[in-house]
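Beneath this line is the structure, given in structure tokens, with notes to follow.
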Amino acid sequence: MISKAEVRPGNGWRYLFRGVMVGDGHRSAGTPLRAAQDEAGVPHGVWKGRGLAAVGLTAGDVVTERQAELLLGEGRHPDADRIERERLAEGKSPKQARRATVLGRPIEHNQSPKTDKAKKRTPWLAMDLTFRPPPTAHIAWALGDDETRLVLELCQDISRDKTLAWLEDAVAEIRWGSGGKHRRPVKDGLIVAVFRHYESRAAESKPLLHDHAVVSIRARRPDAKGTWGNLSADSMLAHIVAADTLYTLYFMEEVSARLGWAWEPREVTPGRRPVMEIAGIDQRLIGWQSTRRQQIEDAMSVLTADYEKKQGHPPGERAGYALGCQAADQTRPPKRTELLSLTELRERWRTSAIRAYGADVIDRLAERARAAAAAVWARVRPVVDIALAAVDVVAVVYVMRGGFKRHHLLAEARRHLAYVLRGRPHRPGLDGKIVQAVVDDYTRPAGRRMMTADLRALYPRDTEDQAVLRPLTRKRTASPYERARLAADALWTRVRAVRRADRLGSRSRPHTVAVPAAQRSRLRPTRTDRKAGRVPEQATDVAAMDQTRRTFEAAAAKMAAKLTDGVRDRAVAHGPRSQPTALATTPTHTQQPGAQPPPGRTTGVA
């Protein structure tokens, strides 16, 4: 998943330099950055993004302390010291020399009393995006062999970089003018500093492979001069969930392609969205790894109960996210003072896991994951049906949000692909095709820049479809996601029933007369007599119609006679057939070609 945090002058900037850049540890005053990173056992930060060429940097360069301080802390050129010296040598004043190093508007502008609403405006310096793989990936990375660890770190690098590239190409906008009324895509790209961490910040060290991608708010405008300005923060924040689902989808694909593992949905909280986990990983290890998660969930249950008591209904997607952030802040433990290398951490984690669950569970972790993957691929056919995916996406988003935007549909489409494909690669642009199908067929405008589901397109027969579906979507005792799944299942079932009826109606059967299928739409005249204003009448052959009717009746009678004789002969030869007994367990949904069960339905892995 991806979480975000803004970096602002003051505490935000100090937390970035004293915590994030040194592995969430504690950096003593006066300790150089590289020395603090070596002491904490974390790798040095590296620069990423296509916007680096504009400031003379290259992707993969090590992030120095002075570069980070200038660019991420002051909004200035990372080589500002050299530029300032050159301007002073040219005879410029100190103020002019410093102004030449500022990228865009100086931070002091927002803090000036001459600026409108100066007390309310706190400038952004950067945005901290944290990339975390699913919990089972942390377990396999921490307890597996060195080869597995390196492969999973490579999967993390690729999926993170692909997600950042999507943010650069499709999301990042630069704004200028009064109120940011002018918005255009950035000219070059983003400037990002990436710092890798290996463990959680809990007092009891637990494995948590994650990356902090600190995105600079400075970017160049798409004009001839290439002047600098600020990114549109609201555009980035609005697409965080869509970026999160894309990152998860990429990570699943890389793991499946390089290690041969498959993915299964796991319900973390009843009534909430399931999360995709590596199939075959012992679920007990998730509890061993996520003591911090358990603390957050305990606090989350208390906050959710208070919310329901005040509001009278369960929290929605946005309110649930806000409560989760509040629970994380309340349960945040103090930073550890003991610093260990990755090798020492892995030895400690392995010893702890073996002591809790035995050596057999840990040693056969990769073997069981491969066996579970074979069972998943034998049971699940990874085929994406755009029409069924569009129905599923619009039903879930509509029930959970009511009004929505395109990026909400994009996030849900990527969740659908993750569930259906289970780690198999998806064709580039497939998520966009699903969203476009939703927009074209099942939505209508609902205010400024908003849309909602077109109920007339989803439920053509009001008395039948809506009467069945509305009680499900308005069941307030269930969570929003449960109601969304009920609605999606009802629509999904109806679409498949219509398809099956169409296939059966168009299939030629033995002992029947093949006739052209009737037209669904109203008959239109082939031509119109414009001068007379009349439509030519079409003649009807009554004799031909009677002959066709008699042919149908004869064929039906012949078929019924044959069926009756066959049943009588089989009963005489074999005796009566025993009826199957009803199963006590829930029936397994059969996978049909071109269709997958809706997300939320899980089946066990042998």
Side-chain angles (χ1 to χ4, degrees), residues 23 41-43 131-159 196-200 202-211 248 251-268 274-294 336 338-380 422-424 602-606:
V42 295
F131 293 76
R132 290 193 295 270
T136 45
H138 304 316
I139 295 170
W141 168 80
L143 303 180
D145 54 16
D146 289 336
E147 182 179 358
T148 302
R149 176 183 66 84
L150 294 176
V151 170
L152 289 174
E153 291 180 2
L154 177 61
C155 295
Q156 170 75 351
D157 292 336
I158 295 175
S159 56
R196 170 152 295 176
H197 297 173
Y198 293 138
E199 54 184 331
S200 66
E204 183 181 357
S205 173
K206 293 297 181 181
L208 184 62
L209 175 66
H210 62 287
D211 293 333
T248 303
F251 186 82
M252 291 170 55
E253 292 178 0
E254 292 296 330
V255 170
S256 297
R258 299 177 185 277
L259 294 175
W261 296 350
W263 298 77
E264 283 280 82
R266 178 176 67 91
E267 187 181 50
V268 179
V275 296
M276 301 303 295
E277 300 285 6
I278 300 174
I281 302 294
D282 197 321
Q283 298 295 305
R284 296 175 298 174
L285 293 174
I286 298 178
W288 163 81
Q289 181 264 347
S290 57
T291 54
R292 167 83 171 131
R293 179 186 296 273
Q294 186 61 43
R336 296 178 299 100
E338 182 183 13
L339 300 176
L340 301 174
S341 64
L342 179 58
T343 303
E344 295 172 334
L345 289 173
R346 281 169 51 83
E347 292 178 357
R348 174 177 292 188
W349 295 331
R350 182 176 178 84
T351 302
S352 174
I354 291 177
R355 187 185 305 114
Y357 305 107
D360 182 70
V361 174
I362 308 306
D363 295 337
R364 298 183 59 191
L365 187 144
E367 178 184 351
R368 291 176 176 173
R370 287 190 293 268
V376 170
W377 299 133
R379 175 171 49 85
V380 178
R422 307 293 178 91
R424 296 296 192 188
T602 60
T603 55
V605 179

N-O pairing of [X] and [Y] below 4.0 Å:
X: Arg379; Y: Glu264; answer: yes
X: Asp145; Y: Arg346; answer: no
X: Arg348; Y: Glu344; answer: no

Practice item. Could you tell me whether the side chain of Cys155 reaches within less than 4.5 Å of the side chain of Met252, counting heavy atoms only? Key: no
What distance separates [X] [atom1] from [Y] [atom2], expressed to the nearest 0.5 Å?
X: Thr248; Y: Phe131; atom1: OG1; atom2: CZ; answer: 10.0 Å
X: Glu347; Y: Leu342; atom1: CD; atom2: CG; answer: 10.0 Å
X: Leu143; Y: Asp363; atom1: CG; atom2: CG; answer: 10.0 Å
X: Tyr198; Y: Arg149; atom1: OH; atom2: CZ; answer: 7.0 Å
X: Asp211; Y: Glu153; atom1: CG; atom2: CD; answer: 9.0 Å
X: Thr148; Y: Trp261; atom1: OG1; atom2: CH2; answer: 5.0 Å

Considering all heavy atoms of both residues, which atom of [X] and which atom of [Y] are nearest to each other, and what is their separation?
X: Leu259; Y: Arg370; result: O-CG, 4.3 Å
X: Gly260; Y: Ala373; result: O-CB, 3.3 Å
X: Ala359; Y: Ile354; result: N-CG2, 3.9 Å
X: Pro135; Y: Arg266; result: CG-NH2, 4.1 Å
X: Ala369; Y: Ile278; result: CB-CG2, 4.4 Å
X: Pro207; Y: Ala142; result: CB-CB, 3.4 Å

Review point. Ignoring hydrogens and geometry, is there a side-chain-to-backbone donor-acceptor pair from Glu277 to Gln283 under 3.5 Å?
Key: no
**Study point:** Within 6.0 angstrom of Glu147 CD, more than 12 heavy atoms from elsewhere
**Key:** no
Point to revise | Pair Ile139-Leu365, side chain to side chain contact (heavy atoms under 4.5 Å, CB included): steps then yes or no | key: CA-CA 9 Å; Ile139 295 170; Leu365 187 144; 4.0 Å; yes
Exercise for review: Determine, step by step, whether Glu254 and Gln156 satisfy the side chain to side chain contact (heavy atoms under 4.5 Å, CB included) criterion, reporting the C-alpha distance in whole Å, the side-chain angles of both residues, the deciding distance to 0.1 Å, and the verdict.
Suggested key: CA-CA 9 Å; Glu254 292 296 330; Gln156 170 75 351; over 6 Å; no
**Study point:** Chi angles and distances behind the side chain to side chain contact (heavy atoms under 4.5 Å, CB included) call for Ile281, Arg368
**Key:** CA-CA 7 Å; Ile281 302 294; Arg368 291 176 176 173; over 6 Å; no
Point to revise | Parallel, tilted or perpendicular: ring planes of Trp263 versus Phe251, cut at 30 and 60 degrees | key: perpendicular
